Amino acid sequence: MVEATLWHPVADSSALTDGPLAARLLAHDLVLWRDDTGCARTFTDRCPHRGTRLSLGRVVQHEGRASLECPYHGWRFADDGACVLIASQPSFTPPASHAACAHEVQEAHGLVWVRLQPGDTPLPAFEAETDPQLRKLLCGPYDVATSAGRIVENFLDLSHFGFVHDGWLGERAQPQTPAYTVQPTPTGFVATGCRAWQPQSNRLSTEGSWVDYRYELTAAFSAVLTKLPQAQDGYRDVIGLFVCPLDEERSRVWFRLAVTDHDSSDDALRAFQHTIFTQDQPVLESQQPRRLPLAGGEVHCAADRSSAAYRRFLIERGIRFGAIA
Ligand code: FES
Ligand code: FE
């Protein structure tokens, strides 16, 4: 499965203290925990002994090193998954076959990322993360009863603003979507020349404004939006959408904000994003089928150029999780 070779976000870095913390990715249960150096570790959430959830266990010290202890019979697993203690047979040296199934993990953009199988695709880029002029903040997670593809497609969609976000990101009286351009990139595509009339583009806007939009698909289930409101000189919002495909029809969503608003409180910035996304969520959860139909069955118009490019991208890359091909 191609998706298993890609990096996906599975948890907020701040939610992973010592652990263990249960997570889910691509219909696969995971346990996350931190080793002595504070590095995140992840295993399949299943003890090789009798299939118990390791996330119900605890992180303990074993011979001077943090290890994960199973809640059932107390077997202990080192940070690479190797079984280092069978509590009932303490003098027995466990063989390699007794190891927990470890996966690659790293942290970026405020999130813990996992890939289930080795691959050569890098983590989705979010260049705004290192821009010192921008303030960063994580919003979410939101658990949404639909596929990751439906959520990405909604994020790329301009022509719903006047209806779903009336009075905020659009106005019913101004539903036209001006033409825009879509060009392929190594990781997906970029949509430029997008414009939308927005009564309340961001928390600081005081009047309606045309807003220039740029969208970039940075991975199968990640995208970055840059917003430049014409009425706010020098103001810039960069919003990363990072979706975890929990199951084919269930997803967990985070937004990484990188904004020039250094005045609003964290709560106020999150509240704005919450208002917008909870307008999207019931519409997203109403869409049938929940899986993105790649093989036809829905019709398109010229405003859907990004959606069409996204579906083509998934088809070309062989990504089928949460899709009907
Ligand atoms: Fe985990 Fe027995 S099931 S130690
Ligand atoms: Fe929306």
Side-chain angles (χ1 to χ4, degrees), residues 20 22 29-31 33 43-60 62 67-78 81-90 92 94-95 97-102 139-140 142 144 146 148-172 174-175 177 191 194-202 211 213 215 223-227 237 239-243 251 253-255 257 271-287 303-304 306-307 310:
D29 287 317
L30 297 170
V31 55
W33 59 289
F43 303 157
T44 293
D45 195 8
R46 183 179 180 281
C47 179
H49 180 216
R50 289 292 180 269
T52 306
R53 277 188 184 275
L54 294 169
S55 57
L56 298 177
R58 58 171 88 172
V59 176
V60 295
H62 180 79
S67 64
L68 184 59
E69 184 184 272
C70 178
Y72 197 179
H73 308 98
W75 290 22
R76 291 181 177 177
F77 302 91
C83 182
V84 290
L85 178 72
I86 292 179
S88 63
Q89 313 291 322
F92 176 70
S97 58
H98 288 38
C101 179
C139 301
Y142 292 92
V144 186
T146 195
R150 286 286 194 196
I151 295 164
V152 173
E153 199 173 270
N154 170 65
F155 187 75
L156 299 170
D157 184 291
L158 286 153
S159 61
H160 73 281
F161 290 170
F163 300 94
V164 177
H165 308 295
D166 185 22
W168 295 80
L169 304 185
E171 250 173 20
R172 282 180 67 85
Q174 297 229 50
T177 301
C194 313
R195 276 196 322 150
W197 172 262
Q198 302 200 321
Q200 177 83 42
S201 168
N202 55 70
V211 182
Y213 267 66
Y215 290 102
V224 177
L225 161 63
T226 305
K227 289 175 67 167
D237 273 347
I239 303 175
L241 169 80
F242 300 121
V243 185
S251 306
V253 179
W254 288 270
F255 298 96
L257 306 186
F272 185 87
Q273 193 62 27
H274 182 79
T275 298
I276 301 299
F277 189 66
T278 51
Q279 292 168 346
D280 286 307
Q281 187 165 359
V283 176
L284 273 168
E285 293 183 336
S286 80
Q287 286 178 281
D304 302 325
S306 286
S307 308
Y310 181 54

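Fair warning: this is a prediction, and the values are worked out from it, not measured in the lab. Just so you know, ligand 1 is whichever comes first in the structure, and atom 1 is the first atom listed for that ligand.
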Exercise. If you stand at atom 1 (Fe) of ligand 1 and look out to SG of C70 and SG of C47, what angle do those two lines make, to 10°?
Worked result: 110°
Exercise. Using heavy atoms and a threshold below 4.0 Å, how should the contact between W75 and ligand 1 be classified: side chain, backbone, both, or neither?
Worked result: both
For this session: Just do the side-chain contact (heavy atoms from CB on, under 4.5 Å) check on R46 and D29 with the steps written out, would you?
Result: CA-CA 8 Å; R46 183 179 180 281; D29 287 317; over 6 Å; no
Taking C-beta and beyond as the side chain, do [X] and [Y] meet within less than 4.5 Å on heavy atoms?
{"X": "V59", "Y": "P20", "answer": "yes"}
{"X": "D280", "Y": "V164", "answer": "yes"}
{"X": "L284", "Y": "I151", "answer": "yes"}

Name, closest N/O/S atom of [X] to the Fe ion (ligand 2):
{"X": "D280", "result": "OD1"}
{"X": "H160", "result": "NE2"}
{"X": "H165", "result": "NE2"}

For this session: Looking at H73, pick out the N, O or S atom nearest to atom 2 (Fe) of ligand 1 and give its name.
Result: ND1
Exercise. For atom 2 (Fe) of ligand 1, what is the closest N, O or S atom on H49?
Worked result: ND1
Exercise. So, D157 and the Fe ion (ligand 2): N/O/S under 2.8 Å, yes or no?
Worked result: no
Exercise. Aromatic rings Y215 and F155: how do their planes relate, parallel, tilted or perpendicular, breaks at 30° and 60°?
Worked result: perpendicular
Exercise. Relative to each other, are the rings of H98 and F92 parallel, tilted or perpendicular (30° and 60° limits)?
Worked result: tilted
Exercise. Counting only N and O atoms by type, is there a donor-acceptor contact under 3.5 Å from the side chain of Q279 to the main-chain atoms of Q281?
Worked result: no
Exercise. Quick one: which ligand 1 atoms are inside 4.0 Å of a heavy atom on R50?
Worked result: 3 (S)
Exercise. Of all the atoms in ligand 1, which lie at a distance below 4.0 Å from a heavy atom belonging to T52?
Worked result: 3 (S)
